[in-house]
J.: 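Sharing a structure with you now.
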Amino acid sequence: MVDEKDKDDDTAGSHGADKTAGASSSTSGSAGPTDFSDFMIHDPEKFAANIAKVVEQAGKVASAYLRPRENGMDTHTVDYVNHMVRTFGKVTHYWSSDPVRAMEAQTRLWGRCLDLWGASSRKMLGEDEEDVAFAGKDDLRFNDPEWQSNPFFSFVRQLYLIASQWANEMVSEAETIDDHTRLKALFYVNQIINAFSPSNYVLTNPELLRETLENDGENLIRGMQMLAEDIQAGGGNLLIRQTDISVFGLGENIAITPGKVVAQNDICQLIQYEPNTDTVLKTPLLILSSWINKYYILDLNERKSFIKWCVEQGHTVFAVSWVNPDESLKHKTFADYMQDGVINSIETIRQITGEDRVNTVGYCVGGTLLSAAAAYLAAKNLDWINSITLFAAQVDFTEAGDLKIFIDEEQLTELEKVMNAQGYLDGMSMGNVFNMLRPNDLIWPYFVNNYMRGLEPFPFDLLFWNQDSTRMTAACHSYYLRKCYLENALATGTMILDGLQLQLSAIRSPIYCLAMKEDHIAPARSVFKGCKLFGGPVDFRLGGSGHIAGVVNPPERRKYQFWRGGPAEGALGDWLERAQETQGSWWPDWHRWIITKETSCVDARPVGSEQYSPLEDAPGSYVKQTY
């Protein structure tokens with residue numbers, strides 16, 4: 001669940017942050033006439049031998065890719081391609097159904113190509129010619145000087161940009177398709193456009209070509225070896241390595257805040273962290289992360305651990321670590337996650353600490369679940385929640401952003417068929433969805449650097465977490481997608497869990513709601529809209545950056561900013577105009593807010609109790625489950 005705004009300065013030095021090989025600092029090209037010696041084979045015999053090895057490795061790549069398909073194990077890819085073809089069919093029908101319209105579309109494309117051909121021909125004859133197609137100012141794929149100075153690469157670049165713009169226009173201007181189909185078609189078009197970018201391949205990228213010739217093709221041998229390994233690791237699908245995972249160990253240099261597992265069930269483990277202050281706030285704190293990835297995003301390391309920071313501020317901190325389910329848990333529902341995950345954890349904390357009420361934090365889907373649980377407790381007149389904090393969490397999904405592309409009856413039915421067959425949605429599938437939302441940040445830079453340049457990715461803790469995804473039970477994930485994204489049942493008051501109809505307006509606990517300005521997973525406008533549904537006071541904050549980096553933003557780093565402007569009233573733009581901007585982390589602001597809800601302190605509590613003896617050290621065994 002990482003987006004392009006989540007890549008902060010920790011990626012400095014990592015080639016994964018280069019966007020593509022075109023963003024390299026290579027200086028072998030220049031803005032002047034092309035030096036064709038850069039594109040000469042230095043050792044023809046060695047180069048030929050290495051290319052033969054590349055072909056041999058390519059055979060292993062093909063074998064790894066085809067094996068599950070020959071065995072009939074990969075039906076999901078077929079469903080995905082069929083859905084894409086059907087979506088494109090609706091766009092194609094609009095343009096082909098009218099001969100005049102079809103001719104206009106073709107003329108538009110060929111006219112631009114002819115303009116490019118003429119300009120390129122004159123440029124090759126030494127005349128000064130302006131480009132006829134331009135990349136966006138934030139597009140770093142074509143930064144190498146050869147993309148401008150070399151007539152061949154300049155032509156390839158502009159031809160690609162012309163075709164890309166034309167394809168997007170064909171979708172955007174198709175008048176008879178509905179908005180949802182248009183969004184899907186634009187998504188699929190851009191997946192294809194990004195895949196065919198000339199910056200991704202050796203023969204059409206000047207930097208890659210120089211590098212390959214300088215290394216006599218040895219970079220391609222390394223790249224093909226890694227490609228075969230990553231396809232095998234993905235069970236026949238490409239699992240792109242985004243970081244060097246070998247340097248990270250859970251409980252060693254990741255998720256290292258001291259604590260103990262004090263309770264567990266089929267759904268989760270409950271971790272209590274050891275205090276390091278003499279006194280603590282009387283009201284304990286429960287943290288609930290999303291079960292789509294593992295909980296330790298809030299406990300990455302000593303420098304970037306929200307959990308550790310909360311312990312240092314004098315909170316008695318508990319956190320839920322969700323199970324990585326297999327097929328035996330396929331029937332575990334959203335209600336099970338609420339009961340056994342949220343409500344059972346709150347009840348356990350009440351028994352361990354002797355306190356009647358708990359401060360709660362919910363991140364992303366964990367915040368959605370926490371909101372549902374709070375509404376459920378309100379319906380039962382159980383006053384167990386002292387305060388609610390929501391990080392990048394949606395309760396109203398009418399403006400849920402890019403992920404809605406994948407949510408309609410047809411796609412859900414196909415997904416449910418896959419999930420019901422195996423009992424879960426594997427984490428790699430969900431990870432691929434998030435990566436495809438930002439392919440030029442999370443797919444193609446790694447494709448180029450790993451498999452074309454043959455470079456191992458650098459270690460980066462956030463990307464290690466991003467690749468450490470979990471499975472989702474079929475019943476729970478289906479319910480979540482249908483009731484939240486498709487039906488918006490929590491917002492409309494039609495969600496029923498364990499026989500109770502949930503009303504967010506019944507929640508009276510004070511709420512601190514944080515949205516992130518550049519978040520495409522839980523868009524700020526969506527989070528802002530949901531704030532208006534609660535029955536109690538809501539303090540809204542808008543943080544800088546994206547879904548992860550804006551949340552995992554310790555004060556010591558002095559990064560980004562946040563805005564505070566009181567309740568979520570009116571439109572988000574109006575709220576932002578009257579809001580006050582503060583540089584740095586929002587963490588201290590949240591702490592000041594939460595201590596106003598409970599100012600009493602008690603002696604630091606030991607971990608566990610007579611009834612709840614510690615079971616194992618944090619981070620526990622559930623977080624280490626892999627398949």
J.: Just so I know, are the side chains of His547 and Cys364 near enough to count as touching, which here means a heavy-atom distance under 4.5 Å?
T.: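 Heavy-atom side-chain distance check passes, below 4.5 Å.
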J.: Would you check if Asn205 and Asn200 make a side-chain contact, meaning some heavy-atom pair closer than 4.5 Å?
T.: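 Answer no - side chains too far apart.
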J.: Between Lys184 and Asp408, is a salt bridge (Lys or Arg N to Asp or Glu O under 4.0 Å) present by the stated rule, with each step listed?
T.: CA-CA 10 Å; Lys184 288 194 295 182; Asp408 54 43; 2.9 Å; yes
J.: Assign the ring pair His477 / Tyr480 to parallel, tilted or perpendicular, where the plane angle (0 to 90°) is split at 30° and 60°.
T.: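 Judged by the thresholds at 30° and 60°, the geometry between His477 and Tyr480 is tilted.
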J.: State the OG1-CZ distance between Thr204 and Phe196, to the nearest 0.5 angstrom.
T.: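 The distance works out to 11.5 Å.
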J.: So, taking the atom named CZ in Arg482 and the one named CD1 in Ile407, what distance separates them when rounded to the nearest 0.5 Å?
T.: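 Reported value, rounded in 0.5 Å steps: 10.0 Å.
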J.: With respect to Asn440, which candidate in Asn194, Asn190, Asp139 satisfies the side chain to side chain donor-acceptor pair (under 3.5 Å) definition?
T.: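 Result for side chain to side chain donor-acceptor pair (under 3.5 Å) with Asn440: Asn194.
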J.: Are Tyr451 and Tyr446 an aromatic pair by the rule of ring centers under 6.0 Å?
T.: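 For Tyr451 and Tyr446, the ring centres are not under 6.0 Å apart.
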J.: Any side-chain heavy atom of Tyr424 within less than 4.5 Å of one from Thr473?
T.: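 The answer is no; the side chains never approach within 4.5 Å.
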J.: Can you see whether Ser545 engages Glu518 through a side-chain donor-acceptor pair at a distance of less than 3.5 angstrom?
T.: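 Not at all, the side chains of Ser545 and Glu518 share no donor-acceptor pair under 3.5 Å.
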J.: Any idea which heavy atoms bring Val61 and Ala228 closest together, and the distance?
T.: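 Minimum heavy-atom contact is CG2-N, 3.7 Å.
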J.: Any luck finding a side-chain donor-acceptor pair between Asn432 and Ser429 under 3.5 Å?
T.: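 On atom types as modelled, these side chains do not qualify, holding no pair under 3.5 Å.
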J.: Is the side chain of Ser154 donor-acceptor paired with the backbone N or O of Asn150 at a distance under 3.5 Å, no angle test?
T.: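 Answer holds: no.
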J.: Could you check Asn466 against Gln242 for side chain to side chain donor-acceptor pair (under 3.5 Å), going step by step and ending with a plain yes or no?
T.: CA-CA 9 Å; Asn466 190 53; Gln242 297 175 326; 3.1 Å; yes
J.: Once the angle between the rings of Tyr160 and Phe142 is folded into 0 to 90°, is it parallel (under 30°), tilted (30 to 60°) or perpendicular (over 60°)?
T.: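 It falls in the tilted class, 30° to 60°.
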J.: Indicate yes or no for a side-chain donor-acceptor contact from Ser63 to the backbone of Gly59 under 3.5 Å, with no hydrogens or angles considered.
T.: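 No: the side chain of Ser63 does not pair with the backbone of Gly59.
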J.: Less than 4.5 Å apart, side chain to side chain, heavy atoms only: is that true for Tyr188 and Met84?
T.: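 A side-chain contact under 4.5 Å exists here.
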J.: Using every non-hydrogen atom in the two residues, find where Asn488 and Thr398 come nearest and quote the distance to one decimal.
T.: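 That closest heavy-atom pairing would be ND2-CG2, 3.2 Å.
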J.: How long is the straight-line distance from CE of Met226 back to CD1 of Ile231, given to the nearest 0.5 Å?
T.: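 Taking CD1 in Ile231 and CE in Met226, the distance rounds to 12.5 Å.
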J.: Inspect the surroundings of NE2 in His180 and state if more than 12 heavy atoms from other residues, nucleotides or ligands are less than 6.0 Å away.
T.: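 Buried by this count: over 12 neighbours within 6.0 Å.
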J.: Walk me through it: do Ser526 and Gln394 pass the test side chain to side chain donor-acceptor pair (under 3.5 Å)?
T.: CA-CA 7 Å; Ser526 178; Gln394 299 177 95; 2.7 Å; yes
J.: Determine yes or no for a side-chain-to-main-chain donor-acceptor pair under 3.5 angstrom, with Asp468 supplying the side chain and Asn293 the backbone.
T.: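 Looks like no, no N/O pair under 3.5 Å.
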J.: Looking at Tyr94, I'd like to know if the NZ or CZ of Arg101 sits under 6.0 Å from its six-membered ring centre while staying within 45 degrees of the ring's axis.
T.: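 The answer is yes; both the distance and angle limits are met.
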J.: So do Ile192 and Phe88 actually touch side chain to side chain, heavy atoms under 4.5 Å?
T.: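 The answer is yes; the side chains approach within 4.5 Å.
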J.: So Gln191 and Pro439, do their side chains get closer than 4.5 Å, heavy atoms only?
T.: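 Heavy-atom side-chain distance check passes, below 4.5 Å.
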J.: What class does the angle between the rings of Trp147 and Phe153 fall in, given that below 30° is parallel, 30 to 60° is tilted and above 60° is perpendicular?
T.: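 Ring orientation of Trp147 relative to Phe153: perpendicular.
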J.: Can you check side chain to side chain donor-acceptor pair (under 3.5 Å) on Gln165 and Glu169, steps first, answer last?
T.: CA-CA 6 Å; Gln165 180 183 359; Glu169 289 173 353; 3.2 Å; yes
